[in-house]
Amino acid sequence: MMKSFRIGTLFGIPIKLDITFLLVLPFFAYIIGFQIGTVAELLNAFMGANIDIEYVSAGWNPWIFGLAAALGLFVGVIFHELGHSLTAQRYGFPIESITLWLFGGVAAFSEMPEDWRQEFAIAIAGPIVSVLVGIASYGLFYVTPASMDGTQFVLAYLAILNIALAGFNMLPAFPMDGGRVLRAFLARSKPYAQATQQAAGIGKLFAVLMGLFALIPPINIILLGVAFFVYIAASSEAQQVTMKAAFQDVTVSDIMTPANDLHTVAPDASVAQLIQRMFSERHTGYPVVEPNGAGGGRLVGLVTLSDAREIQPVERDAYMVEEIMTTDLKTISAESDAMTAIEQMRENNIGRLLVVERNGHNAISGQETDVPPGSEPQAGDDLVGLISRSDIMTAFDIVQKSGSVGLAAQTQRAD
């Protein structure tokens with residue numbers, strides 16, 4: 001999703017609007033307004049409405065009622081996501097926010113439940129709320145005077161649309177609600193990761209079918225976008241769950257590159273020497289380490305090719321590495337679990353983390369020190385290694401091919 005901004009709070013949960021929502025809302029209003037005559041005829045025929053088609057189709061009325069119906073639809077989406085969120089909170093899972101965006105709404109869970117009963121309850125809550133909103137809309141439509149044609153149209157439209165929303169979300173297209181219900185049932189008798197893989201496989205199949213259906217003229221751009229989103233999201237979540245299972249009980253120290261195997265540079269090295277090393281060793285970044293006299297080194301910074309390029313070639317002999325290095329570092333401790341490293345790389349959009357020891361304490365978790373994650377190194381921060389995405393993917397590949405649950409267990413058995 002793109003940039004979002006907060007518009008309010010419901011039950012302690014921040015409600016946000018994504019920029020894409022502001023683009024799709026007028027589009028939905030236009031589509032509803034453009035088809036208002038045809039839809040009104042269907043509502044009159046199948047719901048016993050008495051909508052004056054000429055009135056709702058006259059002047060600006062189609063666009064006014066179209067906008068009202070579009071806004072009502074997204075209010076229904078918020079209620080749908082609240083169904084998921086409040087049920088999750090009941091089980092003790094915090095909700096970071098609910099965001100309206102291009103394809104509806106999404107509740108941001110800080111953690112997904114692995115108990116199949118909890119996941120089933122959370123997944124089914126959204127469609128149940130949508131059905132209730134649809135029933136409530138029909139009830140209001142039923143008691144609305146026949147003279148209020150526009151209001152009747154909006155309420156009848158929302159009654160049908162919310163029921164349809166519930167039905168569409170119950171398709172077993174993981175990670176949609178129906179796909180999560182499917183995973184919950186699969187997880188009753190299978191490991192969670194295996195259930196996720198199977199549900200994701202079915203979800204991707206449904207995504208392909210939705211995409212093919214959307215391509216039948218006239219092409220349905222919205223459904224095509226949903227199909228693409230479902231396919232990508234299913235693949236992403238399946239990989240994340242599989243990785244979490246593979247790295248169970250695996251720590252950073254199990255898969256990092258130890259400091260003894262790292263190429264480092266001293267802070268008093270010249271930029272010219274740094275450039276020469278980058279050329280000969282084919283590295284574009286180096287941890288800057290100050291020897292501590294015990295065979296190790298204290299981490300003081302990180303220097304990259306981009307930093308070195310800022311110095312003119314004729315001045316590179318006069319500048320030292322410590323003058324151009326970065327001290328705003330992203331660090332992690334060797335005792336942290338591997339998934340913490342993966343999540344930190346993803347959040348900061350970086351490809352590697354420096355592994356340090358801070359006086360023997362965890363440098364990032366906050367459990368044994370008050371120093372915040374990624375803070376500037378201080379005296380006593382010793383570089384003990386580096387963990388990169390390539391380290392993680394290599395370890396993940398080994399775990400998958402060996403069929404092991406965790407590398408830590410293997411290491412213990414080998415010892």
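In summary, of the residues considered (Leu22, Asp18, Thr99), a side chain to side chain contact (heavy atoms under 4.5 Å, CB included) with Phe5 occurs for Leu22 alone.
Distance alone, capped at 3.5 Å, places no donor-acceptor pair between the Arg352 side chain and the Ser390 backbone. Without hydrogens or angle criteria, Arg183 side chain to Tyr192 main chain gives no donor-acceptor distance under 3.5 Å. Without hydrogens or angle criteria, Thr242 side chain to Ala238 main chain gives a donor-acceptor distance under 3.5 Å. Between the Ser57 side chain and the Glu54 main chain, no donor and acceptor come within less than 3.5 Å of each other. Here the side chain of Thr9 pairs no donor or acceptor atom with the backbone of Gly12 at under 3.5 angstrom. Judged by distance alone, the side chain of Thr20 and the main-chain N or O of Leu102 form a donor-acceptor pair under 3.5 Å. Remark: the backbone N or O of Met325 is not paired with any side-chain donor or acceptor of Asp307 at under 3.5 angstrom. Although no hydrogens or angles enter the test, the distance criterion places a donor-acceptor pair under 3.5 Å between the side chain of Asn61 and the main chain of Tyr55. Judged by distance alone, the side chain of Asn169 and the main-chain N or O of Ala166 form no donor-acceptor pair under 3.5 Å.
Aromatic pair Phe74/Phe28: ring centres closer than 6.0 Å. Taking the six-membered ring for Trp and the full ring otherwise, Phe141 and Tyr138 have centroids separated by under 6.0 Å.
Between Asp177 and His80 the shortest side-chain heavy-atom distance falls below 4.5 Å. At a threshold of 4.5 Å between non-hydrogen side-chain atoms, the residues Gln240 and Met243 do not count as touching. Side-chain contact between Val131 and Ile163 is present, with heavy atoms from C-beta onward closer than 4.5 Å. The closest side-chain heavy-atom distance from Tyr286 to Glu281 is below 4.5 Å.
Classification of the Phe185-Trp116 ring pair by plane angle, with boundaries at 30° and 60°, yields tilted. Aromatic ring pairs are classed by plane angle as parallel below 30°, tilted from 30° to 60° and perpendicular above 60°; the pair Phe396 and Phe247 is tilted.
No donor-acceptor contact under 3.5 angstrom links the side chains of Asp397 and Thr394, judged on distance only. Glu237 and Thr196 share no donor-acceptor pair across their side chains, judged by distance under 3.5 Å alone.
Nearest heavy atoms, Ala184 versus Glu119: N-OE1, 4.1 Å.
Within the model, atoms CD1 of Ile202 and CG of Leu171 stand 12.5 Å from one another, a figure rounded to the nearest 0.5 Å. Taken from CD1 in Ile98 to CG in Leu17, the straight-line distance is 12.0 Å, to the nearest 0.5 Å. The CD1 atom of Ile78 sits 4.5 Å away from atom CG of Leu100, with the distance rounded to the nearest 0.5 Å.
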